[in-house]
Each structure stands twice: as C-alpha cells, then as structure tokens.
Engineer: 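Shown below is the structure under consideration.
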There are 2 protein chains.
Amino acid sequence: MDKKVNVLSGDCAKKLRAIDDTMYILSGKWKMPIIARLCYGSMRYSELLKSIAGISGKMLSRELKELETNNLIEKEVWRSESMSVRYRLSEHGQTLKILTDSIADWGINHRMQIMEKW
Amino acid sequence: MDKKVNVLSGDCAKKLRAIDDTMYILSGKWKMPIIARLCYGSMRYSELLKSIAGISGKMLSRELKELETNNLIEKEVWRSESMSVRYRLSEHGQTLKILTDSIADWGINHRMQIMEKW
DNA sequence: CTGAATCCTGCCAGATACTG
DNA sequence: CAGTATCTGGCAGGATTCAG
C-alpha cells in the first residue's frame, strides 16, 4: 500500500523549487555584493562602482537593471548640473535583509570552523 | 571630532566579507541544488544526476569535489559487484540546512509577492 | 555622472569517448 | 556505476569609446 517514500517528493520538491527561484533571482557574480551594500542605505552608481572591487561599469548597470526589473531595488534620478542616481532597496527588496543576514551569519560561522582546524 | 560616518565601514565591512565568503563557497550554478537535495539525506551520484535537471556528469563531479574539499559533504564508497558512492552532508555541512531554509523561505515569499501583482 | 554600444577574449561547460 | 580526458563553441564579462 504505502509506496516507498521518495526522499525527493512532496514538501521537498516545493523547497527545491523555492531555492531555484531564489538562486535564479540572485544568480550572477555581483547581485549579492550589490544587495549587501544597499542593505545599509541608498548608494550612487559611482559609489557602488568604487565599493565593489573588481566590478566593471557594464556589469554594474546590467545587474542593477535586472534587480530593478525584479522589483528588488528602485532608482531615483536627480538632475542638477551633473547627473546623480541613487539606488535603494524597494519595499519588497527589504526582505532581502533577513536573507543577507543569514548568509553573512553562515559565512562568519564557516570561517570560525575553518580556523579551528589550524 | 566625529568624522562623517561612512555607511560602509565597521561592522558593515565584516558583514560584506562574510557574504563574500559564503558566496565564494556556494558560487556556481549547481552548488545550491546539490546541497538542497543532500539536506534530505544521502544520495548516490546517479540519483543526483537524475534529480538535478540539466546538470552534466562533469559538472556534478566537479561541484561535488569542491564541496568535499570545503568539508561540506562526505562521500562513502561501496564496492560490491557494481560500484556505489553515496554523498551526504558532513557534520559541518549540516549548518547549511538553516541557510537553505532561509533561502527557500525567501523564494516562497518572493513568489507570493509576484503573484499579488497579477 | 550615468550609463549604452561595440569589440574582443578566456574560460565555462556541453558532448563524446574512455577507464576502473 | 562513478567518474576522467579531450576537444570545442558560445557566451560572460573586461576594456574602451560614445552619448545624454
């Protein structure tokens, strides 16, 4: 009667899909570094460019655009004599703070584990 | 006296580094899908291969090797008439369960947010 | 300053064949 | 079954230039 339970059925499949969803949104080399910084407040394009070591202008604008498309960040344009654009987490994007905290916590814990070995 | 506080100094830098650490370990297209499955128990190479849509044998073994190098998973080899290898989360790798839960939760929540728009 | 467009390159990863 | 080796095309992403 009871068919052997597949370890990957039921709730599990839902979780796997959810993880795929998240990773799809956050995939790419620079999404997390960008988001992590915006967790602390809005930043200008040039500030992000300076802050994120190694990123190119092309990649920064590409990734920002994707994040904006997914409603995770918002941009605000100021036109004075020289243009200024600020990026910030959207209301929905604020939910990423919890996630980045989890990720950061794991990183800190992992680093401690590594240290103990030496 | 009080220098203007840089939004990206202090604890913040620590968090940014921690996120970089985590993402470095978990970077790559297939790390999370693999880990997510191993959260539910050990699996054979061929089971993972079937379970993860789109992954090639080369990538699977490569990513498994990296995860093993980072002490997140362990492999167990059985030699009967035909070889069998099972992969499981290591003790330290178990800490990834919490992280994957956070990631899955965010994915579920995000999907709901998207739905509401329509 | 904030990008978009173009060109160019390395390496990522798929396909295939082979091994223990 | 559980991988490795080799070969190859495509594309991610860097550098540079142009535009608003």
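Below, chain A is the first sequence line, B the second, and so on; all start at residue 1. Just so it is clear, the model here is predicted, and its values are computed rather than measured.
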Engineer: Using modelled atom types only, decide if a donor and an acceptor are shared between the side chain of B:Y87 and the backbone of B:I34 within a distance under 3.5 Å.
Structural biologist: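 Answer holds: no.
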Engineer: Is there a side chain to side chain contact (heavy atoms under 4.5 Å, CB included) between A:L26 and A:I35 once you walk through the steps?
Structural biologist: CA-CA 9 Å; A:L26 302 181; A:I35 290 166; 3.6 Å; yes
Engineer: Taking all heavy atoms of A:I73 and all of A:L64, pick out the closest pair and write down the distance.
Structural biologist: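 Scanning both residues, the minimum pair turns out to be CD1-O, 3.5 Å.
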Engineer: So, for A:D20 and B:P33, which heavy atoms are closest and what is the spacing to 0.1 Å?
Structural biologist: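 Looking at all heavy atoms of both residues, the closest pair is OD1-CG, 4.2 Å.
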Engineer: Less than 4.0 angstrom between a side-chain N/O of A:K75 and OP1 or OP2 of C:dG3, yes or no?
Structural biologist: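 Yes.
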Engineer: Among all residues two or more places apart in sequence or in another chain, which pass the side chain to side chain donor-acceptor pair (under 3.5 Å) test with A:W106?
Structural biologist: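 Applying side chain to side chain donor-acceptor pair (under 3.5 Å) to A:W106 gives B:T95.
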Engineer: Can you list the other members of the hydrophobic cluster that holds B:W118, where links are side-chain heavy atoms under 4.5 angstrom apart?
Structural biologist: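 Same cluster as B:W118: B:I114.
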Engineer: Report the distance from atom CD of A:E68 to atom C1' of C:dG3, rounded to the nearest whole Å.
Structural biologist: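 After rounding, the reported distance stands at 13 Å.
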Engineer: Tell me the interatomic distance from B:L64, atom CG, to D:dC1, atom P, rounded to whole angstroms.
Structural biologist: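 Going from CG in B:L64 over to P in D:dC1 covers 16 Å.
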Engineer: Expressed as a whole number of angstroms, how long is the span from A:E63:CD to D:dG13:P?
Structural biologist: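 Checked: the CD to P distance equals 7 Å.
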Engineer: For DNA chain D, find the residues of residues 82-90 of chain B with a heavy-atom distance under 4.0 Å and give them by number; none if there aren't any.
Structural biologist: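 The stretch gives B:M83, B:S84, B:V85, B:Y87 as the residues lying under 4.0 Å from the strand, ordered by number.
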Engineer: May I ask you to check whether over 12 heavy atoms, not counting those of A:R111, lie within 6.0 Å of atom CZ?
Structural biologist: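 Open.
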Engineer: Within the pair A:S46 and C:dT2, is there a side-chain N or O less than 4.0 Å away from OP1 or OP2?
Structural biologist: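 So the side-chain polar atoms of A:S46 do come within 4.0 Å of the phosphate oxygens OP1 or OP2 of C:dT2, strictly under.
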Engineer: Compute the angle between the rotation axes at the two ends of the helix from C:dC1-D:dG20 to C:dG20-D:dC1, each taken over five pairs, rounded to 10 degrees.
Structural biologist: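 The end axes of the helix from C:dC1-D:dG20 to C:dG20-D:dC1 are about 50° apart, to the nearest 10°.
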Engineer: On DNA chain D, compare the nucleotides closest to B:R44 and B:G57; which residue's is nearer the 5' end?
Structural biologist: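 Going by which nucleotide is closer to the 5' end, it is B:R44.
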Engineer: CD of A:E47 versus C1' of C:dC1: gap in Å, rounded?
Structural biologist: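 Result: 12 Å.
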Engineer: By the definition side chain to side chain donor-acceptor pair (under 3.5 Å), identify the one residue from B:K97, B:H92, B:E91 that meets it with B:Q94.
Structural biologist: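 Of the listed residues B:K97, B:H92, B:E91, the side chain to side chain donor-acceptor pair (under 3.5 Å) partner of B:Q94 is B:K97.
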Engineer: Just the rounded figure in Å: distance from P of C:dG3 to CD of A:E76.
Structural biologist: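 The distance from CD of A:E76 to P of C:dG3 comes to 13 Å, rounded to the nearest Å.
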Engineer: Do you reckon B:V77 sits in the same ILVMFWY cluster as B:M43, going by side-chain contacts under 4.5 Å, direct or chained?
Structural biologist: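 Result: yes, single cluster for both.
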Engineer: Please produce a list of atom pairs where a protein N or O lies less than 3.5 Å from an N or O of nucleotides 5-13 of chain C.
Structural biologist:
{"from": "C:dA13", "atom 1": "N7", "to": "B:K58", "atom 2": "NZ", "distance (Å)": "3.3"}

Engineer: Test of understanding: clusters of I, L, V, M, F, W, Y form through side-chain heavy atoms closer than 4.5 Å, transitively. Do A:I108 and B:L99 belong to the same one?
Structural biologist: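 In one cluster with A:I108: B:L99, no.
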Engineer: Expressed as a whole number of angstroms, how long is the span from A:K65:NZ to C:dG3:P?
Structural biologist: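 The answer, rounded to whole Å, is 9 Å.
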Engineer: Within this structure, what is the CD1-to-C1' distance between A:I52 and D:dG13, rounded to whole angstrom?
Structural biologist: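 Value for this atom pair: 15 Å.
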Engineer: Tell me the side-chain hydrogen bond (donor to acceptor under 3.5 Å, both in side chains) pairs involving residues 61-71 of chain B, sequence neighbours left out?
Structural biologist: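 Counting only pairs at least two positions apart or across chains, the side-chain hydrogen bond (donor to acceptor under 3.5 Å, both in side chains) contacts touching residues 61-71 of chain B are B:K31-B:E66.
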Engineer: Can you measure A:M43 atom CE to C:dG3 atom P for me and round it to whole angstrom units?
Structural biologist: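 Between P of C:dG3 and CE of A:M43: 14 Å.
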